[in-house]
Each structure stands twice: as structure tokens, then as C-alpha cells.
There are 2 protein chains.
Amino acid sequence: MEATLLLVDDEPKVLDVMSLFLKGEGFRILTARTGREALQMTEEHRPDLVVLDWMLPEMSGLEVCRELRKSYSVGIIMVTARTEEADKIVGLEVGADDYITKPFSLRELAARIRSVLRRVQGRTEEPQVLRRGDLTIDEAKFRVWKGDQEVILTPTEFKILVTLAARPGTVYSRLQLLEAAMGESYWNYERTIDTHVSHLRKKIEDDPSNPKYIQTVYGVGYRFGDRL
Amino acid sequence: MEATLLLVDDEPKVLDVMSLFLKGEGFRILTARTGREALQMTEEHRPDLVVLDWMLPEMSGLEVCRELRKSYSVGIIMVTARTEEADKIVGLEVGADDYITKPFSLRELAARIRSVLRRVQGRTEEPQVLRRGDLTIDEAKFRVWKGDQEVILTPTEFKILVTLAARPGTVYSRLQLLEAAMGESYWNYERTIDTHVSHLRKKIEDDPSNPKYIQTVYGVGYRFGDRL
DNA sequence: GAGCGCCTTCAACAGTTTTTCAAAACTGTC
DNA sequence: GACAGTTTTGAAAAACTGTTGAAGGCGCTC
């Protein structure tokens with residue numbers, strides 16, 4: 001659920017600073033230095049949102065914006081140094097989703113990016129309550145009950161459980177579970193999952209050595225039992 | 001169920017562009033160029049929401065906003081030219097429902113208008129007094145009692161409390177709470193929330209180190225206890 | 001308009017909880 | 001039985017939270 005951003009600016013230094021910060025905020029980052037490159041990158045990688053400098057060599061940000069709007073439903077944030085009224089009006093007509101004027105703080109940029117992404121992506125599906133056997137898993141409340149007894153899970157345990165319980169019977173590899181639990185930028189030892197599963201079983205299974213909820217598929221991964 | 005908007009700006013061109021677009025989005029549109037005119041139009045036509053430029057001749061947007069708040073329960077979106085002014089507005093308890101900085105996109109404006117309308121229209125229906133355990137929270141009066149003892153909260157503390165108490169059990173991330181407390185364009189340090197929560201707990205919890213109202217969910221955020 | 005006080009932000013630090021990792025013990029498969 | 005994959009354990013590392021105090025902004029009062 002990590003969003004991909006395309007940053008477009010002709011100054012390498014600006015790109016560097018923005019990339020670094022936004023990566024730290026959990027976004028996947030692409031960069032381009034010219035309008036042409038921006039269009040090409042958009043075609044190839046389909047980012048969720050483009051941060052577009054107004055002043056670009058060759059093709060102005062304005063033109064790039066128009067082009068993007070023609071062919072893609074990507075979010076666009078224009079970065080501009082000018083504040084004159086004329087620009088505002090033109091800007092309004094071009095169809096960017098938001099504007100930000102230099103100088104701006106990186107935090108503000110991140111905030112606006114999130115705000116536009118929310119709007120562009122529309123509402124995410126509502127979290128629900130899963131019932132599996134005598135387990136109740138409430139995604140919105142981040143809570144789990146076994147019968148009427150609440151079970152306290154750590155964030156990672158919770159995510160693994162939700163992932164598995166969402167599709168009983170489906171086998172997930174350790175890599176898939178790692179991704180589900182940590183996001184895609186995991187760099188971890190796959191076997192860490194084993195440890196989490198072990199802890200989970202202790203908390204939710206009647207008999208952890210003979211699990212009915214989280215079952216091992218030898219040589220493949222884990223699955224949530226579908227006969228409870 | 002078409003909503004009526006009153007657009008207030010001293011520049012005819014801006015009014016034109018906005019009117020055109022917003023009509024296309026299905027709103028009924030009124031316009032005014034001065035604060036005085038805005039107040040008069042409001043009195044006569046009772047719009048659902050006013051989009052108010054900060055910089056107006058004669059009477060500033062700020063004053064107009066205060067006047068509107070005195071007599072009407074209309075939604076208000078302030079339009080400001082600079083981020084510094086936006087800061088001010090947040091700091092000030094002006095009473096606008098949202099604010100947007102120039103240059104902005106028409107899409108964003110429309111999105112915010114809808115969002116404010118949703119909120120404003122709910123304003124009359126929703127019960128305004130929340131009772132949770134021995135807490136009484138009066139949203140309309142901005143006051144909170146613990147038992148029959150009034151608790152004095154700051155504006156930010158109050159908004160955080162209301163957000164959490166509105167849905168006991170639901171977990172909110174720090175980002176969501178920031179948003180709820182400061183509006184959509186916040187760009188602050190997430191952990192500022194921790195400080196507010198710490199202050200809140202000192203004021204409303206019997207035992208702040210073992211909170212029953214505002215509970216922390218490790219790695220996720222905070223929630224309002226649902227077993228009081 | 002200077003001084004005061006309240007509110008908010010933010011960095012630093014300590015204390016806590018969670019996650020990772022490696023080793024050893026164990027189990028399943030052929 | 002040999003081999004490969006899995007479970008458990010405990011300790012170190014990392015991540016997260018609570019709290020404090022300082023700094024800055026703003027309104028209010030005198």
C-alpha cells in the first residue's frame with residue numbers, strides 16, 4: 001500500500017533532498033529532470049502522484065501537467081516559485097490537484113502528498129471484523145478475542161494473523177508474510193516469521209504443538225486452517 | 001439536495017473561474033466582492049457554505065468570518081495567500097471550518113467544500129453531548145466535565161479528546177489525530193500528539209500512568225477505552 | 001508597547017516493549 | 001538414518017512511548 005511518487009525538478013540537489021526525506025516517509029521514489037523524462041517515466045512506471053516543478057528546461061511544468069492530464073489519472077502537485085495572480089488563474093485551469101509555493105517545508109510537502117493521495121485513491125476499503133472459529137479479529141480496533149477473552153498481540157503478530165485469517169486455506173510463503181507485516185521494504189531474515197508464528201500460536205492456539213489456526217505447510221509456508 | 005455556496009473575493013476573474021467550475025460540480029453559486037456584500041448576501045440567501053478570501057477591501061476576511069460566526073451556522077472556508085497566514089489562522093481560533101492556501105486547485109477546493117458540507121450538515125443532527133464513563137463532553141460549548149467538576153482543556157486537547165471519544169475502541173494513528181486537530185494540511189511533528197495526550201491524561205484520568213480513557217496501542221496510535 | 005501567561009511545538013532522555021537473530025533441539029520426508 | 005526444514009529459546013538490538021523542559025507565538029493586561 002506504499003505509494004510511488006515521481007519527483008520532477010531540473011536541480012539534482014533539490015531532487016536529492018526531496019527523495020531522501022520522502023523515502024524516509026515511506027514512499028517509493030522515482031525522479032526525472034526534464035518534462036520529457038517525466039512523461040516517459042510516467043508511462044513506464046505509473047506513479048501514483050507526480051511532484052512537478054513549474055520551471056523546467058525544454059517543456060514547462062505547465063505543459064507537462066497538461067500532457068499528463070490527457071493520458072493518465074495520476075495525482076499532480078505543482079511546485080511554483082511565483083505567487084502572482086495571473087499564474088494562479090492559469091494554474092487553476094490546468095488541473096493540478098494541489099500547489100505548493102517555494103520555499104516550503106518538507107513536512108508540508110509530505111502532508112500535501114498524503115492529502116492528495118487520499119483524494120485520488122478514494123476511500124480505502126473499510127476494515128472489518130473477522131470471525132474464525134472462536135477467534136474474533138477486529139481490524140479497526142486492533143484487537144483480538146479468543147472466545148470472550150481478549151488476546152494481546154504485538155503489531156507484527158496482529159498483521160500476520162490478519163493476513164492469514166483473511167483467506168483461510170491459502171498458503172503464504174514467509175516472504176509474503178514478511179511483506180504483509182513490514183511493508184515492501186523489508187530486508188529481513190525470512191526466518192523471523194517463524195519466531196512470530198511461534199509467539200502467535202502460544203497466544204491463540206489451544207494446543208500450540210498441534211495448531212488448528214496457523215498451520216505449517218512443510219517447505220512452503222503457513223496457512224490459516226479452514227475447518228474450525 | 002443541491003448546496004448553495006457564497007464565493008467572496010475582490011477579483012472578478014477569480015470569481016469567474018471558481019463559479020464556472022463549481023457550477024459544473026453541481027453547486028448553486030452566489031458571489032460577493034466585499035465583506036459587507038458577503039454579510040448581506042448571507043442574510044438574504046442563507047448559503048450553506050462561504051468561501052472567503054482573507055484579503056478583502058474594507059473589511060478583512062477575518063472580520064467577516066467573526067461576524068458570520070456570530071449570527072449563522074454556515075460553513076466557512078478561508079482562502080489565504082501565504083503559508084504564514086495559514087499558520088496564523090490555525091493558531092487563531094477564528095472559527096473557520098477549513099482553510100486553503102493560494103494557489104490551490106479547483107478540484108481541491110471542491111473536495112474541501114464537500115468535506116466541510118458533510119461536517120456542517122452533520123452538525124445539527126449529531127447529539128452534541130458525549131457521555132463516556134464519568135466524562136461529559138459538550139462539543140457545542142467546548143467544555144468537559146469529569147463527574148461534576150469541570151476540566152479545562154486547550155483547543156487542541158479538546159479536539160483530540162472529541163475525536164477519540166466519538167468512536168470508543170477505534171484506534172487512531174498520530175497522523176489521523178493531527179489531521180483531526182489541525183485540519184487537513186498539517187505538517188507538524190507527529191509526536192506532538194504524545195505531548196497533548198500526556199497533558200490530557202493528567203487532566204482526565206484517575207491514574208494517568210494507567211489510563212482507562214485514552215489508551216495507547218503500541219506501534220499504532222491511541223484509542224478511547226470502550227469498557228468504562 | 002512591554003510584560004506576563006497560556007498554548008503549542010519539539011528535542012532529548014529514560015524506560016519499556018517489540019523485533020531480530022543465532023544456536024540448539026526437534027520434526028517430517030525420503 | 002540422513003537431510004532439510006521447523007520450533008523454541010534467550011539475549012541483544014531496535015523501535016516506540018511518556019515525560020520533561022525550553023523556545024516561540026500570540027493574546028491580554030496594565
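Note on naming: letters A, B, ... go to the chains in the order of the sequence lines (proteins, then strands), and numbering restarts at 1 for each one. Not measured: the values here are computed from a predicted model.
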Nearest whole Å is fine: how far is C:dA24 C1' from A:Asp194 CG? 14 Å
Would you say the ring centroid of A:Phe142 lies under 6.0 angstrom from that of A:Phe158? yes
Short side-chain donor-acceptor distance under 3.5 Å, A:Ser115 and B:Arg112: no
May I ask you to evaluate whether A:Arg201 reaches the phosphate of D:dT7, defined as a side-chain N or O under 4.0 Å from OP1 or OP2? yes
List the atom of A:Glu11, the atom of A:Asp9, and the distance in Å for their closest heavy-atom pair. N-OD1, 3.0 Å
On the nucleotide D:dG18, are OP1 or OP2 found under 4.0 Å from the side-chain N or O atoms that B:Ser198 carries? no
Looking at B:Asp207 and B:Lys212, does any basic side-chain N land under 4.0 Å from a carboxylate oxygen? no
Rounded to whole Å, please give me the gap between CZ in B:Arg223 and P in D:dT17. 13 Å
So, does B:Thr195 get its side chain near the phosphate of D:dG18, meaning an N or O under 4.0 Å from OP1 or OP2? no
Rounded interatomic separation in angstrom, taking NE2 from A:His199 and C1' from C:dT17: 13 Å
Side-chain N or O of A:Thr154 closer than 4.0 Å to phosphate OP1/OP2 of C:dT19: yes
Take atom CG of B:Leu153 and atom P of C:dT8, then tell me their distance rounded to the nearest Å. 10 Å
Would you say C:dT9 has OP1 or OP2 under 4.0 Å from some side-chain N or O of B:His196? yes
Side-chain N,O (B:Arg191) to OP1/OP2 (C:dC10) below 4.0 Å: no
Which nucleotide in C:dT9, D:dG18, D:dT6 has an atom nearest any side-chain atom of B:Thr216: D:dG18
For A:Thr192 and B:Glu157, find the nucleotide of DNA chain C closest to each by heavy atoms; which residue's nucleotide sits nearer the 5' end? B:Glu157
Tell me the interatomic distance from B:Asn210, atom CG, to D:dT17, atom P, rounded to whole angstroms. 18 Å
Quick one: do A:Lys146 and A:Asp206 make a salt bridge, cutoff under 4.0 Å? yes
Counting only side-chain nitrogens and oxygens, does A:Arg174 get under 4.0 Å of the OP1 or OP2 atom of D:dT6? yes
Nearest-angstrom distance from the residue atom CD1 of B:Ile152 to C1' of C:dG5: 16 Å
NA contact type, A:Tyr222, heavy-atom cut-off 4.0 Å: base, sugar-phosphate, or nothing? sugar-phosphate
B:Gln215 CD to D:dG18 C1', straight-line distance once rounded to whole Å: 16 Å
Between B:Tyr218 and D:dA14, is there a side-chain N or O to OP1/OP2 distance below 4.0 Å? no
Using a cut-off of strictly less than 4.0 Å, decide whether B:Asn188 has a side-chain nitrogen or oxygen near OP1 or OP2 of C:dT8. no
When all nucleic acid strands are considered with a 4.0 Å heavy-atom cut-off, which category describes A:Pro155: base, sugar-phosphate, or nothing? sugar-phosphate
Distance test, side-chain N/O of A:Arg107 to OP1/OP2 of C:dT9, below 4.0 Å: no
What is the distance, to the nearest angstrom, from the CG atom on A:Leu200 to the C1' atom on D:dT6? 16 Å
A:Val51: which of A:Val79, A:Ile29, A:Asp98 passes side-chain contact (heavy atoms from CB on, under 4.5 Å): A:Val79
Residue mapping more 5' on DNA chain D - nearest nucleotide basis, B:Lys202 or B:Gly221: B:Gly221
